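This report concerns only the one structure given below.
Letters go in sequence order (proteins before strands), and every chain restarts at 1. Every value quoted in this text rests on a predicted model; they were computed, and no experiment measured them. Values below: every heavy atom of this structure, side chains too, minus hydrogens, waters and symmetry copies.
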Number of protein chains: 2
Amino acid sequence: MVLYFIGLGLGDEKDITVKGLEAVQKSTYIYLESYTSCLITPKSKLEEFYGKPIIEADRIMVESGCDEMLERAKNNDVSFLVVGDPFCATTHSDLFMRAAKLHIQLIVIHNASIFTAIGYSGLQLYKFGETVSVPFFTERWRPYSFYNKILENKRRGLHTLVLLDIKVKEQSEEDLMRGRLVFQPPRFMTANIACQQILEAEDNTQSGLIQRNDLVIGLLRMGTPQQTIVVKPIEEMANMENLGDPLHSLIIPGELHEIEQEMMQFHSNTIN
Amino acid sequence: MVLYFIGLGLGDEKDITVKGLEAVQKSTYIYLESYTSCLITPKSKLEEFYGKPIIEADRIMVESGCDEMLERAKNNDVSFLVVGDPFCATTHSDLFMRAAKLHIQLIVIHNASIFTAIGYSGLQLYKFGETVSVPFFTERWRPYSFYNKILENKRRGLHTLVLLDIKVKEQSEEDLMRGRLVFQPPRFMTANIACQQILEAEDNTQSGLIQRNDLVIGLLRMGTPQQTIVVKPIEEMANMENLGDPLHSLIIPGELHEIEQEMMQFHSNTIN
């Protein structure tokens, strides 16, 4: 009996690997991790493609340890599906170790994630420094700590991948206090909002390292058929309200080699 | 007519995505990029799986611009297969731009690469700094520049992914001089050799930042069914001659969170 950790890739139901699909087809139970990431395709489409029902593993299930899934994996082949690659979020290391301690056989089937798909921008993957996450600012909570990491990378000539906040299955303060399991609609930060927050951080820290006309790279819907690269001055990107559906990420480039420059030029010419 | 850039993932013929396989099956010509990376599976196995012949795009063909492939893509669906993800090596940006300038429609099908598969180690992807490549030292050429990047990452508490040298389709100096297209057998640096070279760099630079009993993570055959994580003190890893088949990579950890520590502990207990 095997517990498969299977990456779904970034796009639709056909981005699973052939090996992953075979594992799903062998499995008696199929779980879909649905809270650290967001699948572009609805669950029903996956079910149709696999010809099998899928159990959603939401935040509450994953945080409470997925006991049911692990119990079932002792006597059945079970697939645990994760958008992107199965080990891009820590929670799955935790689950992996718990399963291993129960002597469940584990097989990992990797897939694309945003960490590889960014190569499409033309920037070289080995020249990226620390990755940064930008949280939604609120009225009272506007942390600029992420910005220091961007600056550290820039000082070393390195590119920064900026991941943008996702709020999925969040409860409102009131619902949380009253213990009601009612979820807010999902919110996805867009590249323009991220640029606004970065400019605010620069205005407040006055590093001078990021100028308003510096080019940044918007990564829109990477890994889907609608994947688009937008290259614009950061101030201009901050004002673009029409960047379309999620997910978005951003790259703040460091020093650019000739071929990287050419590819940025290419992207800035072909897409508006 | 479409030119597909298709990632094959890291392991065998079944690590292609369903979408990638469909594109291959639609294509009249299939090219396999065979010089920046190394497929664990022989070409013949891919051909058998696809039911189609594959043309090898070697170093000489890629550097000379793949003219034949681009010419064919004007009037036929063509697949360009790359081990891992199609944009982890720069040469393909170049090819991509040339194809775009010829108005060939381009579709990218992403896949896993070492840059995501390292998540299996338990270390968090966003805490990796600049990636480092370690070249084979020769008697007269022993560059330590890669080591400074490891130290820079370590000073900031970041992990370093260390990619190890691959020599595929290299010509000997003599054959090169005589213009003979004879290739040396491929050579793959193993994790123990990389550790020896890192220790030599530390001995010569005396940074004190890497101690002989610091734990490092050997990533062996990632993405294949034989993928193995080895966690050992660097000095001990340097002496391990039995790490098995390529490809190997290495992680020099920075500061570790609790869950990262646990996962390293887990790997060091389960594998010898």
message: Contact between Asp15(B) and Leu8(B) at the side-chain level, heavy atoms closer than 4.5 Å - yes or no?
response: no
task: May I ask you to check whether His159(A) and Glu255(A) show a side-chain donor-acceptor distance below 3.5 Å?
output: no
- prompt: In terms of ring plane angle, is the pair Phe87(A) and Tyr120(B) parallel, tilted or perpendicular, where the classes change at 30° and 60°?
  reply: perpendicular
- prompt: chain B heavy atoms under 4.5 Å from Glu22(A): which part of the residue, side chain, backbone, both or neither?
  reply: side chain
message: Taking every non-hydrogen pair under 4.5 Å, which of Glu262(B), Arg156(B), Met263(B) racks up the most with chain A?
response: Arg156(B)
query: Quick check: are there more than 12 heavy atoms from other residues, nucleotides or ligands sitting under 6.0 Å from CD of Gln25(A)?
result: yes
Contact winner vs chain B - Leu161(A), Asn153(A), Ile109(A), heavy-atom pairs under 4.5 Å: Asn153(A)
- prompt: Between Ser268(A) and Leu215(A), is a side chain to side chain contact (heavy atoms under 4.5 Å, CB included) present by the stated rule, with each step listed?
  reply: CA-CA 10 Å; Ser268(A) 66; Leu215(A) 291 177; over 6 Å; no
- request: Please state whether the side chain, the backbone, both or neither of Phe128(A) comes within less than 4.5 Å of a heavy atom of chain B.
  value: backbone
field: Residue of the set Lys154(A), Lys149(A), Arg155(A) for which salt bridge (charged side-chain N to carboxylate O under 4.0 Å, His left out) holds with Glu152(A)
entry: Arg155(A)
- request: Measure distances from Leu21(A) to the heavy atoms of chain B and classify the residue's part below 4.5 Å as side chain, backbone, both or neither.
  value: side chain
- prompt: chain B heavy atoms under 4.5 Å from Leu158(A): which part of the residue, side chain, backbone, both or neither?
  reply: side chain
message: I need the residue from Gly223(A), Ala100(A), Ala117(A), Pro225(A) with the largest number of non-hydrogen atom pairs under 4.5 Å to chain B.
response: Ala117(A)
